[in-house]
**Student:** 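This is the structure I want to talk about, given as structure tokens.
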Amino acid sequence: MKREFAVIGLGRFGGSICKELSMEGMEVLAIDNNEDRVNEFKNIASHAVIADSTDEVSLKELGVKNIDHVIVAIGDDIQASILTTVILTDLGIKKITVKAQNDYHAKILNKIGADQVVHPERDMGKRIAHNIISNNILDYLELSDDHSIVEVKVGNKMLDKTLADLDIRANYGCNVVAVKQGKDINVSPSADHVFTEGDILIVIGADKDISRFEKHLVIEE
């Protein structure tokens, strides 16, 4: 079953997350109070609507209460960001991720119920989108427009299997360049390396190949 997300605020940062989640096949409700921005995402997100996120009635009518994870990516309006976060907390949203303008804003967001506070100046949208999709995806670094390197925790589907069993390169077109086990790092692991709980893989490849690898072996419901 597809996970459902809502992205509130479709500026550069929110738009980046919305596009990335949509590309990964997630159900995304895109919300902004700017009609031009909403129109831009009508063919990208599952649903794109004009709404004021500081209006609790509007959010209820949109069915936000039934969404798994809401990302508040409101631009420079700190008051709107805080009010929206309070409303989402009152609605009992399972997980709330909020963009912070500064450290003071972040402290307030943590106090009023945000589960995750992000600083877009420090974190790129693609990295955050992949982390949102799965806690097993630890880091995501763009090498070019269509190639990246990703750091992931070994998923249940990989446990007790060898690199040869999974044949990640042949099946997904990605290369496992290293495996971390605690403080040790195994560069260019052998084909008979057995994956155990706690292993962290560093994988490099084309974005489309990494996406297939994540969906089949890393992301867990």
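Here the structure is a predicted model, which means the values were calculated and not measured.
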**Student:** Considering non-hydrogen atoms only, spot the tightest contact between T196 and L159 and give its length.
**Tutor:** C-CD2, 3.6 Å
**Student:** By side-chain hydrogen bond (donor to acceptor under 3.5 Å, both in side chains), which residues pair with E24, not counting sequence neighbours?
**Tutor:** S211
**Student:** Which pairs would a plain distance check flag for residues 42-51, meaning a side-chain donor or acceptor within less than 3.5 Å of a matching protein atom at least two apart in sequence or in another chain?
**Tutor:**
| residue | atom | partner | partner atom | Å |
| --- | --- | --- | --- | --- |
| K42 | NZ | A48 | O | 3.4 |
| S46 | OG | E27 | OE1 | 3.2 |
| S46 | OG | V28 | N | 3.0 |

**Student:** Can you name the nearest heavy-atom pair linking K99 to L109, along with the distance?
**Tutor:** O-CD1, 4.0 Å
**Student:** Of the non-hydrogen atoms in P189 and L163, which two are nearest, and what is the gap between them?
**Tutor:** O-CD2, 3.7 Å
**Student:** Kindly say whether D32 contributes a backbone atom to a donor-acceptor pair with the side chain of S53 at under 3.5 angstrom?
**Tutor:** no
**Student:** Please confirm whether the backbone N or O of Y172 pairs with a side-chain atom of R212, one donor and one acceptor, at under 3.5 Å?
**Tutor:** yes
**Student:** Could you list all the side-chain hydrogen bond (donor to acceptor under 3.5 Å, both in side chains) pairs where at least one residue sits in residues 70-82, not counting sequence neighbours?
**Tutor:** S81-H105
**Student:** Mind listing the closest non-hydrogen atom pair of V7 and I17 along with its distance?
**Tutor:** CG2-CG2, 4.3 Å
**Student:** Salt-bridged, D115 to K95, with N to O below 4.0 Å?
**Tutor:** no
**Student:** So, does N110 use its side chain to make a donor-acceptor pair with the main chain of A106 at under 3.5 Å?
**Tutor:** yes
**Student:** Charged N to carboxylate O below 4.0 Å: is that the case for E151 and K180?
**Tutor:** yes
**Student:** Hydrogens and angles aside, do S148 and D207 bring a side-chain donor and acceptor to less than 3.5 Å of each other?
**Tutor:** yes
